[in-house]
Amino acid sequence: MCYVYILYSFELDKYYVGHTCDTIKERMRMHLSNHSGFTSKTKDWIVVYSEPYTDKSTAYRREREIKAWKSRRLIVALIETSE
């Protein structure tokens, strides 16, 4: 099982969109560890949204679709419709 997920940081007031074929818990552990990259700027990331997919290529396409929106408003709407 693969996932598209959205993280949120209160400190940065930013969203991060990603995909993984690990568990979301394992991927969060990697995001919160010491590494370089966008999510390394703070350690308060939380998962606010996820979608399951059966394969990596479909999950990746969905991640790219969400990122192509370039719209915080649309990301927030997606999160709110899932609650």
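If you read the sequence from its start, that first residue is 1, and numbering goes on from there.
Pairs passing the disulfide bond (SG atoms under 2.5 Å apart) check and including a residue from residues 54-83, sequence neighbours excluded, do not occur.
Atoms SG and CD, from C2 and E63 in turn, are 11.5 Å apart once rounded to the nearest 0.5 Å. Between the OG1 atom of T20 and the CE atom of M1 there is a distance of 13.0 Å, given to the nearest 0.5 Å. Note that the CH2 atom of W69 and the CG atom of L74 stand 6.0 Å from one another [nearest 0.5 Å]. A distance of 12.5 Å separates CZ of R73 from CG of L78, quoted to the nearest 0.5 Å.
Criterion: ILVMFWY side-chain heavy atoms under 4.5 Å apart, direct or through other members. Under it, Y15 and I46 are part of a common hydrophobic cluster. There is no path of hydrophobic side-chain contacts, each under 4.5 Å, that joins Y60 to I75. Follow the hydrophobic side-chain contacts under 4.5 Å out from Y49 and you reach V17 in the same cluster.
Among residues two or more places apart in sequence or in another chain, the side-chain hydrogen bond (donor to acceptor under 3.5 Å, both in side chains) test is passed with D22 by none. Applying the side-chain hydrogen bond (donor to acceptor under 3.5 Å, both in side chains) rule to D13 yields the partners Y8, R72; only residues at least two apart in sequence or on another chain are considered.
Two rings, from Y53 and H19, have their centers 6.0 Å or more apart.
Geometrically, K14 does not engage F38 in a cation-pi contact, judged by NZ or CZ lying under 6.0 Å from the ring centre and within 45° of the ring axis.
Here the shortest heavy-atom pairing between H31 and K43 reads O-NZ, 4.2 Å. Contact record, V48 with L7: CG2-C, 4.3 Å, taken as the closest heavy-atom pair.
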inquiry  = Test side-chain contact (heavy atoms from CB on, under 4.5 Å) on M30 and H35; report intermediate values, then the result.
reply    = CA-CA 8 Å; M30 290 185 261; H35 69 287; over 6 Å; no
ask   = So T42 and F10, side-chain contact (heavy atoms from CB on, under 4.5 Å) or not? Walk me through it.
value = CA-CA 9 Å; T42 185; F10 289 96; over 6 Å; no
task = Applying side-chain contact (heavy atoms from CB on, under 4.5 Å), run through I79 and I6 and close with a yes or a no.
result = CA-CA 8 Å; I79 294 164; I6 301 175; 4.1 Å; yes
Worked check of side-chain contact (heavy atoms from CB on, under 4.5 Å) between Y16 and W45 = CA-CA 9 Å; Y16 174 86; W45 295 101; 3.9 Å; yes
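Between R61 and E65, none of the side-chain N atoms (NZ, or NE/NH1/NH2) sits under 4.0 Å from a carboxylate O, so this pair counts as no salt bridge.
In this structure, the side chain of D44 engages the main chain of E11 through a donor-acceptor pair within 3.5 Å.
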